[in-house]
Amino acid sequence: MSATDDKPIDDVENFDFGVKKKKKKKPAPDFDAATPVAADSSSAAADDEPASSATTAAAPADGGEDADIFANLKKKKKSKVTIVEGDAEGNDESAAEPSSESFDFGEKKKKKKSKKTDLADFEAALKNDQGEDEAVEEAPESSASKEGADDWAGSNRDYTYSELLHRVFTVLRQNNPELGGDRKRYTIAPPQVMRDGTKKSVFANVVDICKRMHRQPDHVIQFLFAELGTTGSIDASQRLIIKGRFQQKQIENVLKRYIMEYVSCKTCKSSETILTKENRLFFLQCESCGSTRTVSAIKTGFQAVTRDARKAAKAKAG
Amino acid sequence: MSEAIANLKSYDPFADTGEESDIQVQGYIHIRVQQRNGRKTLTTVQGLSADLDQKRVLKAFKKEFACNGNVVQDEDLGEVIQLQGDHRLKIQQFLASNGIVPKDKIKIHGF
């Protein structure tokens, strides 16, 4: 203290964990003093056990026994966490690709051969599954977190980060579930792409997908062609014929990019948006949060002259 | 009266469509891929800044990716690098790791 008395400014700067070595002792008691308050507030918020919080904060873990308990508790906690995570993964199962954003195309292999009527059924089933998963998920998680809260409140060890995190989320889910983070996933039917001969691909359900995204097929098709660097046409049965060999996965990637760029709202991530054109500019208006923003026009960019193009030009000229 | 007319004329909304300047301001590098015959592809790099020597960049690309390529002069877009084969990700990594272009300025197109 005598050292700090020389410079009163240092006392003022107590709050940032100073570089100087003198202060090493200072933050520690401060921290101890602060912990019961934090524990009180968090436990009061959860309405679990407000009484025992003072004891927890007073004595950090000291004995070997305590350490053992610690380990056990941690193990328990971990196993529970993994279970919950497993559930979450089960929820995400429909996303076949690891890099999938919040949009996914459902389970591809099942859907590949199913007809349109089946698609609707399957999606309904999928939604039910998800609902069940959530229900299953809720029950163990809440109990686990409660136990976790009890664990650290009852014993005289410190709480861990994951326990507090669980606590926050359970409180959040109890009080206002819409903020809990269980966002409804945006799903559209997977594109049905097959080969038409050796040089063309057929994208069968463009119109269907466009309807689901609430976009004009023209806009989507324009984007597809610009991104893939090809051309194509729509045949009599509303299928898109694309020049070049493309697989379902590739088309899916491009569609994902389309959704990110032109469908999902950048502010609230919702996909309930409409695209309007004003003065040659496209505006994306969100129907759930009301925000409006411009989206860039589709640019084809540089097109290299391939041998086919050269041949075609020659044929035209000659 | 004449002043008012002069004022009106001082701003011409159609003078500059901002087509070129738009590209300059945004400064995005577009990496595209095009299909050729069979399973062959062509990668194009568009929008590299003009103060770069495209030929040297091309040479580095060719050496790094072991492919052929050339620089194409386009009326609207300036010089565009063409490379044989699909090197989109490799180009992005190369440009970013050599400090030529920051990674968020690179846009990869195609499937």
Side-chain angles (χ1 to χ4, degrees), chain A residues 97 99 105 190-191 193 195-201 203 222-232 240-258 260-262 279-282 294-312, chain B residues 13-14 16-48 54 58 61 67-89 91 104-111:
Chain A
E97 279 168 294
S99 69
F105 292 82
V193 181
R195 288 280 288 284
D196 181 17
T198 50
K199 288 190 171 178
K200 280 184 274 184
S201 310
F203 182 2
Q222 199 191 344
F223 181 82
L224 277 176
F225 286 162
E227 280 294 296
L228 298 172
T230 52
T231 52
L240 181 67
I241 314 275
I242 310 170
K243 227 172 127 190
R245 307 170 170 202
F246 296 100
Q247 268 146 33
Q248 188 194 5
K249 209 174 129 199
Q250 298 170 323
I251 301 289
E252 212 177 284
N253 271 335
V254 179
L255 276 177
K256 254 181 210 163
R257 236 176 295 154
Y258 179 85
M260 276 206 281
E261 183 87 25
Y262 293 102
N279 305 334
R280 298 191 287 175
L281 290 173
F282 278 109
T294 53
V295 287
S296 55
I298 297 170
K299 278 180 198 150
T300 315
F302 177 73
Q303 284 289 316
V305 185
T306 53
R307 190 197 275 185
D308 291 346
R310 228 170 279 143
K311 251 188 208 165
Chain B
F14 298 104
D16 184 20
T17 53
E19 203 90 300
E20 268 95 357
S21 68
D22 201 40
I23 291 167
Q24 285 297 321
V25 166
Q26 284 184 348
Y28 278 117
I29 310 283
H30 297 276
I31 303 176
R32 292 194 169 79
V33 75
Q34 248 178 300
Q35 284 194 336
R36 288 176 54 218
N37 42 3
R39 50 185 294 178
K40 293 174 184 171
T41 48
L42 196 68
T43 314
T44 60
V45 184
Q46 170 206 321
L48 280 173
Q54 306 263 338
L58 174 72
F61 279 161
C67 65
N68 208 349
N70 63 340
V71 178
V72 177
Q73 190 71 39
D74 195 85
E75 304 96 72
D76 308 326
L77 308 161
E79 288 178 317
V80 178
I81 292 181
Q82 278 185 16
L83 292 171
Q84 288 177 8
D86 183 1
H87 303 291
R88 285 172 295 164
L89 291 174
I91 289 173
D104 52 336
K105 288 279 176 200
I106 303 173
K107 271 192 177 173
I108 295 184
H109 299 266
F111 35 81

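Letters A, B, ... mirror the listed sequences (proteins, then strands); counts begin at 1. Because the structure is a prediction, the values reported are computed rather than measured.
Taken from CZ in A:Arg257 to NE2 in B:His109, the straight-line distance is 7.5 Å, to the nearest 0.5 Å.
Annotation: A:Gln247, atom CD; neighbour count of heavy atoms from other residues, nucleotides and ligands within 6.0 Å does not exceed 12.
Using a 4.5 Å heavy-atom threshold, the side chains of B:Gln35 and A:Phe246 count as touching.
When atom types are taken as modelled, the side chain of B:Arg32 and the backbone of A:Thr300 share a donor-acceptor pair closer than 3.5 angstrom.
Taking the side-chain hydrogen bond (donor to acceptor under 3.5 Å, both in side chains) definition, one finds that A:Tyr258 meets it with A:His219, sequence neighbours left out.
Listed in order of number, the residues of residues 80-89 of chain B that approach chain A to under 4.5 Å between heavy atoms are B:Val80, B:Gln82.
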